[in-house]
Amino acid sequence: MPDMRFTIPEQNLNLEPFAGRIPDFQKKSEVMITDKGYKCRITNIVPLSSHERVFQLRIVDPLEREVFNFRPGQFLMLEVPGYGEAPISISSSTSNHEFIELCIRKAGHVTSALFEARQGAFVSVRGPFGTAFPMAEMQGKNVLLIAGGLGIAPMRAPLFWINDHRDRYKEVFLLYGAKEPSQMLFTYQFEEWQKVSHVQMRTIVEKPDQSWTGRSGMITALLDEFSFNPKETYAIVCGPPVMFKFVCSHLDRMGIPMNRMFVSLERRMHCGMGKCCRCMVGSTFTCLDGPVFDYWSVMNLKEAI
Amino acid sequence: MNVDFNIDIRHLTRVEGHGNIHIAVREGRLTEAKWAVIETPRFFEAMIKGISAERAPFLTSRICGICSISHTLASIRALERAMEITPPETARIIRLLAMHGETLSSHALHLFFLAAPDFLNAPSALPIMQSHPEIVQAGLMLKELGNALSIATCGRCTHPVSLVLGGLSKAPSKQRLLELKTKIAECRPALEKTTAFFRTLTLPDFVRETEFISLHDGKSYPYIGGDLVSTDGVVRDENDYLEMTNEYLTDFSTSKFTKLSRQSSAAGSLARFNNNYDLLLPGAKAAAAAFGLEPVCHNPFMNNVAQLVECHQIIEEADTLINWLLDDELRDIRVSYKPKAGSATGAVEAPRGILYHHMETDDEGKVIKADCIIPTTQNNANIHYDLHALAEQALAEGKSEQETEKLCVMLVRSYDPCISCSVH
Amino acid sequence: MIYKVISKTEFRAFIDAIVKENRAYGPQKVDTGSNGKPIYQFMPVKSAAEIDFDYTVTHSSAKHFFLPYRDELSHFNFTDGNWEQEVNYEAPPTILIGLRPCDINAINILDDVMLHGAYPSPYYLARRKNNFIIGMDHLPLPDCFCHSMNRHTVNHGFNLFCSDIGESYYLSINSSKAYSFLKEFELQEPTYEDNCRLIERRKDIKHSFETKIEVSGLPCFLDIEFDSPIWQKWGDKCLSCGTCAMVCPTCYCYSVEERFDIDLEGSTRQNHLYSCNLVDFAQVTGGHNFRPKNGDRLKYRYYHHYRGFAANDNQQICVGCNRCGRACLADINPKDVINDLRLERESCLTCVLPSPSKT
Amino acid sequence: MNHLGFKMDKVKVGSFDFTCCEGCQLQLANKESTLPDFLNLLDIRNFREISSERHNDYDIALVEGSITRSDEIDRLKAIRAQATVLIAFGSCACFGGVNNLKNRIPQDEAIREVYDGKTIDTMPSMKISDIVQVDLSIPGCPVSKEEVERIVIGVVTRSQVSLPKYPVCVDCKQKLNTCLFDLGEICLGPISRAGCDAVCPTGKTPCLGCRGPADDINFASFKQLVKDKQLSIADMREKLSFYNGFAEYLDT
């Protein structure tokens, strides 16, 4: 017979040792959310290129769908059950509560499995995580959006935001560069962005083919086509690290303050919550302190680029 | 009856290693019956030269994937005798338990996965999993118990890690031993089920007078060390193993042949049974009686039954050994030693029969010469001559080519040959 | 906090009573090293007799009782065209005996990371609240430097703390549960002499530290020395074997893996303690490795420990137990690395730059 | 399993052995508790050790053992021609294994020693990748069934298939083992690839590196460690050459 005087009962809250720094046990739901994701149905799959598709996800539970909110620039941990998680930036409009859109390139085993999944299948998302583009701070200013390759994916959320609040911003420019014409994504939306959102848009490719009639060269060449006051301009630059490095230094020379240029960093992430430390850049977490950083901070981060 | 046919089996299946059977019949008469081992030789006796005695058992373990614990212990016994090391009693008991695990799991593997499909006319155990799930389940339980005994005592069931010169590098915890005891109790019904199942099978009726060789120490059923004895009355000291084996080469086999008083001799479960029947525990004796198995039995197919009898023996003994260990401190498991020059033989009863390792060391403790004689090597000649007799008997009984072929492969499998082992 | 004094025999009786009824772990000698010194670990115990109360320090820390080396985060059960996710983070009550002040401080640091950040970890919390911690003070080993990190004393985070004052233990009782257990045993109110003995004991411990590391200003140093050749020098020694992180009481970096069940009827998401010293820690999908060199990875561990990361208020997370230094086969220890770094910086300042006052 | 709307097919497997002890194939029958589920993932087309059925329409070939005779080369090439994925299975297949120890001795001398100079068809031991292209390696002497399960599941589900890149020390420390260097022995744990669950150091015997080197090892530092601890370099070399996994480091 166990001596009950000395037995610790199961699940006994043993609070004293925390000495005044007791975590908030009552808000259990908040603790829980971080590890159990929102179950989503893949409602639509839009092929963009041989390796890129847009996945439209709908959170299954109506209450959860209502609660789910994000800001432009934030990312999700997308779980494909059995295969694991991958961090993916959200590519849809913040005002769209019906669907989440993720633009995904087939790269690792998680995304490969997702590409096999059928429309109607269920996946799960955790989040949103991370910092966002400071859309409020940019109000009343010009906005320069520069995207390279798959960098157009995180750029869609701020584009949608600007469309929803177009009167709050002055001139909006979108420069989009790709390696080859076939790698140019979302071409079907170009007209909408220009006509409806009143965005001045230019595209460029590095390696043109016969079909390409537009400009070719480096993306910075497009900057000459517009005139704007750099002191009154904010920039968002998304693309591979090499690209944003030279674009940002170009913008710096043009006179845009470094703390008004924003970039989105990518690292391997395992938790999204600032615990696993896989995404550390210097002493900062890409998942908590990023992925959106102003260029001044990135310059000061060790190993950022 | 004028029939001509050849039975030509290349790479016999459901045995460990590569062996071929050739039977030739011309005008109804047997003209050739051959058992040829075509395994690639590995030259263990050459590669071991210059290896430290401490490491040598880890190398000889790799002679065989099924009976690695026996090989390790044979080398350890040879080297300990050569360098005059006496391991502590606790280590001796734990080593014995390790060996029991190996024998149990090897017998279970043979009985259920390699031999049973023949009796049930299946190509492998996989369809039997569907047709006789409870029997396969019982077999898996016994095999798992064997593996669990080995894993608890020496870290791993294939290529043990903690069997070392001078004793053991690590003793099992009492907790692990208690778990094993529970497992043994759970396995007893499975063993009964297995025995009942095998009683429903009919073994071919075939007898050829054979000399059976095994260890014998007069005190308990043999496993590690003892006198070398034969059913023809030969008794030799462990170190005089060469007088028991008399190895010779044939031109059709990469494995050597052996002989003693007759043309050929046999080792294995049946040999142990025939030489040590009196030392069996009552439970094992009862199991043998259920099959009508009595010493000296000359039907090689009965080796299957002898293995099953040994499973009974092992499970009883393992339980006793664990009780002994539970009463022990389990601290005194290893003695230190100084390398020295010497030579000696270590003989153990591997699952498939008597196994000899002979080792010679220099004063730095390096192995300078080694000789390993494997049970299957000692059975090759017997298999070869059995095949001849069996084929003749089948022809005399008017059996078809297919029936003869099936009998032949069943005969070879009954010996549970470990061919890669025999070509080491 | 309530203070009592208990005789050592009575204390053993108390430990005996509670370990018999609960899942308990205490320091145990597991081996003797080839240098003749005993090697201790926190092992499961069933009676007070199995515990080495006068142990020095365990080889591995008590971290894995809170952050297991492998931990199941969730399980998916698959059905036809659908799945369900199950999350379970319940932990059984566990008693930990004999933790040193630095060990308890380490757990307090882990509390900051795991419970006070943006996303409190329910897995950690479940274990933390179900662990009953009995701390014990000790005289430092020659290579302990917890005094330098100011982690040689502890005033919260435990249920009960025992200071050795000769024939008795001076108890700091920090939980009602501990108090109700102890009520069944003979306790004395601390006398004036007991209080003096406690103060003496503390002084004694404080003055026994032989290893000192100057850590003030280290965060700044580390930022400045980010590209220092020092890292390459120590990196060349580093085996990148992860031993330091495994034995460390505060290293918590992990890796998340998802595995299918063998019957393919479900899958399990696990986290797995990792180390920033391991070769693929900063490798991303596609193969690029942000820290391919041993030195870069070693630097990260020091960066994390002595500079601190933003997520835990930039505090230094090293507690000075020197387990990493003792376990390191390549003979890398914080004292030598930090001294090297400091030397480099100071010699550099004096030789290369003229003092500002002279310009 | 079609929880994502696509079905997994069983993989058609053949298992083949060359010069070895067949202990790795035997591991496939171990871990009895999950054995039926494991076999359920596979469509075994060819596996001489356990089945009399033999078909040559496998996609995945598990190849065990090293190559020591000319006829084995032809057999191996035929397997390569059939298999979509060829897996080198066990240390002998991956590195040559203990078989390579015979390469230290002139061939005639070895034949004289073992076969009294009778004509024996043999040649120096080679690993599988010396002859044909290897798609995946599962090292180990023997292989760990757990890892085999994980990799087979990876192949069936097309999820991640990889070996740990870090050394054995990680797993060894997680088992709270006493470091063998602390007990005065040379252990190859700090430079050998993890994935074996540190089974040898857990049994208190030194790691002999059957899984070969981990990614990007610091061999110079390891050698220095052996010297600093005043342990025998000869002993270190014997351990390094045991499974031939460290062949490229032996001369450094």
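Proteins come first, then strands; the chains are lettered A, B, ... in the order of their sequence lines, and each starts at number 1.
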Item to check | Top contributor to chain C contacts, counting heavy-atom pairs under 4.5 Å, from A:Gly108, A:Cys279, A:Ser124, A:Ala107 | outcome: A:Ser124
Item to check | Segment of C:Phe76 engaging chain A (4.5 angstrom heavy-atom cut-off) | outcome: side chain
Next on the checklist: How close do C:Tyr119 and A:Gly272 get, counting heavy atoms only, and between which atoms?
Outcome noted: CE1-O, 4.3 Å
Item to check | Salt-bridge contact C:Asp16-C:Lys20 (side-chain N to carboxylate O under 4.0 Å) | outcome: yes
Item to check | Residue selection (most heavy-atom pairs with chain A, distance under 4.5 Å) from C:Val19, C:Asn82, C:Leu73 | outcome: C:Asn82
Checklist entry - Do the rings of A:Phe75 and A:Phe129 sit parallel, tilted or perpendicular, given the 30° and 60° boundaries? => result tilted
Checklist entry - Quick one: what part of C:Met1 sits under 4.5 Å from any heavy atom of chain A, side chain, backbone, both or neither? => result neither
Next on the checklist: My understanding is that only residues two or more places apart in sequence, or in another chain, count here; which of them pass side chain to side chain donor-acceptor pair (under 3.5 Å) with C:Asp280?
Outcome noted: C:Tyr274
Next on the checklist: Evaluate A:Tyr38 against A:Arg65 for side chain to side chain contact (heavy atoms under 4.5 Å, CB included), listing each step before the verdict.
Outcome noted: CA-CA 9 Å; A:Tyr38 300 114; A:Arg65 203 184 311 145; over 6 Å; no
Item to check | Contact leader toward chain A among C:Ser255, C:Ala282, C:Gly266, C:Cys276, where contacts are heavy-atom pairs under 4.5 Å | outcome: C:Ser255
Item to check | Side chain / backbone / both / neither for A:Val80 at chain C, heavy atoms under 4.5 Å | outcome: backbone
